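Taking it in order: structure first as structure tokens, then the write-up.
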Amino acid sequence: MNTLAFYVHIPYCVRRCGYCDFNTYTPGELSITNDFSVTSRSYIDLLLREIEYAREISTATVVPTIFFGGGTPTLMESKDLGRVIASIGSHFELAGDAEITTEANPDTVTKEKLYDLRAAGFNRISFGMQSAVPHVLAALDRTHNPENVVKATTWAREVGFDEVSVDLIYGTAGESISDWETTLDTALSLPITHISAYALIVESGTKLGAQVKRGEVVMPDDDQTADKYLMADEKFTAAGFDWYELSNWSKPGSACRHNIAYWNGDNWWGAGAGAHSHIDGRRFWNVKHPAAYTQKVIESGNPMQEQEILTADEARSEEIMLQIRLATGIPLSSLSPNEQRSLPGFLADGYLLGPAWEGGSVILSQAGRLIADRIVREILL
Ligand SMILES: C[S@@+](CC[C@H](N)C(=O)[O-])C[C@H]1O[C@@H](n2cnc3c(N)ncnc32)[C@H](O)[C@@H]1O
Ligand code: SF4
């Protein structure tokens, strides 16, 4: 089947978190009002133009998943987000069991808002929880009260979201092992079906990056961060969440199908400012700034900044890099003798799962997940 997943980027946040380098802008940076209702209408109108453009150049028929990310998609009016879903559904065939996700900042939702999102067609929601510990949230420069996550996830279930996820971050400066344990236990007490846990990346160009560079913030050592990953994996697994991708765990049947399509190298269209697309080995990405995006879409419907066609070697590297992250791993028979060369050593050292190897698959063990990048480098040498 000729499918196309949609990613929809909403490039607005009320304020910027100190660690975040996503393509997002605050009202102050854009000289727009704090009331997003006007921006919501106009930005969504642009997205609809881009979807028409996608229809013109794509041969796909069925859309299996739509994922709204940001930024903070929930700053847009629910009915406007619903217009995007309806437009994709009218220009393409939305699969009957389509997974339609929005990211949400716990501070930006009320029960009524969640009800409206559900009515607009969303069936999956992912909250940026990050931590349950106030001093860790403060170090991350997050403004939300941890109590809001309990309320938001409970309301989400009450209004009919069957799939509810939270994002966690570990490895923040000043976060002790016991702080992380509190975050994990709190997350596991929520009515959720999916958890993502990311090691904090210090991005240059962010407030956190500058603080680390000046020596004002000292990041924890890698060993402690690895211990936190292992603790998360143990606790999630014991609570019935299966590991399915390096940083993702879900209850059976609740893995995020949109992200799996991405890791499998399927075709997807990224609509919105700065969004990236991939169709049959061709990658292209939109201009980043909302003002440039607006201008390009109004001019031609096509907001593309640049494109590249992957060479066979680049496509192969990417395939291995993405597939090794998954619990389904890589079929051994798909690897050339040269690519397989280092693998018996990793198997002997316990970094690959023995039974899977016997069955013809290269799947990372828990220890192997901590050195996934090194294993990929060795395969590609
Ligand atoms: C676009 S944000 C999620 C939605 C919403 N804006 C929020 O923050 O609540 C996606 C996720 O990326 C993760 N993230 C962002 N910057 C990160 C960084 N520097 N290191 C690790 N994870 C990061 C956070 O966990 C965040 O929830
Ligand atoms: S982490 Fe989320 S809320 Fe914070 S600036 Fe980034 S996108 Fe916005």
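In listed order, ligands and their atoms are each counted from 1. Because the structure is a prediction, the values reported are computed rather than measured. Starting from 1, each residue takes its place in the sequence as its number.
Ranking protein heavy atoms by distance to atom 3 (S) of ligand 2, first place goes to Asn105 ND2, 3.4 Å. In this structure, atom 13 (C) of ligand 1 lies nearest to the protein heavy atom Tyr198 CD1, 4.1 Å. Protein heavy atom closest to atom 1 (C) of ligand 1, with residue, atom name and distance, is Gly70 O, 3.0 Å. The protein heavy-atom contact nearest to atom 14 (N) of ligand 1 is Phe22 CE1, 4.0 Å. Nearest protein heavy-atom neighbour of atom 11 (C) of ligand 1: Asp167 OD2, 3.3 Å. With hydrogens left out, the protein atom closest to atom 7 (S) of ligand 2 is Gly71 N, 3.4 Å, a heavy atom.
No part of Ser126 comes within 4.0 Å of ligand 1, judged by heavy-atom distances.
Considering backbone and side-chain N/O atoms, Ile201 comes within less than 3.5 Å of an N/O atom of ligand 1. Residue Gln130 has at least one N or O atom closer than 3.5 Å to an N or O atom of ligand 1. Ligand 1 has no nitrogen or oxygen under 3.5 angstrom from a nitrogen or oxygen of Glu203.
Salt bridge status for Glu158 with Lys111: present, with a side-chain N to carboxylate O gap under 4.0 Å. Ion pairing between Glu319 and Arg316 holds under the 4.0 Å rule for side-chain N and carboxylate O. Residues Arg15 and Asp141 are paired through a salt bridge, judged by an N-O separation under 4.0 Å between the basic side chain and the carboxylate. Here Asp80 pairs with Arg83 in a salt bridge; the nearest charged N to carboxylate O distance falls below 4.0 Å. Ion pairing between Arg124 and Asp162 fails under the 4.0 Å rule for side-chain N and carboxylate O.
Val202 and Tyr170 are assigned to two separate hydrophobic clusters, defined by single-linkage of ILVMFWY side chains at heavy-atom distances under 4.5 Å.
Interface atoms of ligand 1 facing Tyr19, defined by a heavy-atom separation under 4.0 Å, are 15 (C), 16 (N), 17 (C), 18 (C), 19 (N). Shown in contact with Ala104 at under 4.0 Å from a heavy atom are these atoms of ligand 1, numbered in order with element: 9 (O). Each of the atoms 3 (S), 5 (S), 7 (S), 8 (Fe) of ligand 2 lies under 4.0 Å from some heavy atom of Cys13. Taking a cut-off of under 4.0 Å to the non-hydrogen atoms of Cys17, the atoms of ligand 2 that pass are 1 (S), 3 (S), 4 (Fe), 5 (S).
In this structure, CH2 on Trp155 lies 6.5 Å from OG1 on Thr110, to the nearest 0.5 angstrom.
The residue among Gln130, Arg142, Arg16, Glu103 with a heavy atom at the shortest distance from atom 2 (Fe) of ligand 2 is Arg142. Considering only non-hydrogen atoms, atom 8 (O) of ligand 1 lies nearest to Arg142 out of Glu103, His9, Arg142. Residue Gly71 holds the heavy atom nearest to atom 6 (N) of ligand 1 of all those in Ala199, Pro106, Gly128, Gly71. Residue Ile169 holds the heavy atom nearest to atom 23 (C) of ligand 1 of all those in Leu200, Asp107, Thr206, Ile169.
Atom 8 (Fe) of ligand 2 has no N, O or S atom of Cys20 closer than 2.8 Å.
A side-chain donor-acceptor contact under 3.5 Å links Asn267 and Asp280. A donor and an acceptor atom, one from each side chain of Glu163 and Thr193, are located under 3.5 Å apart.
In this structure, the ring of Tyr43 has its center less than 6.0 angstrom from the ring center of Tyr293. Between His278 and Tyr7, the ring center distance fails the sub-6.0 Å criterion.
Under a 4.0 Å heavy-atom criterion, Gly128 is not in contact with ligand 2.
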Steps toward side chain to side chain contact (heavy atoms under 4.5 Å, CB included) verdict (Arg157, Val164): CA-CA 7 Å; Arg157 292 305 284 251; Val164 180; 3.5 Å; yes
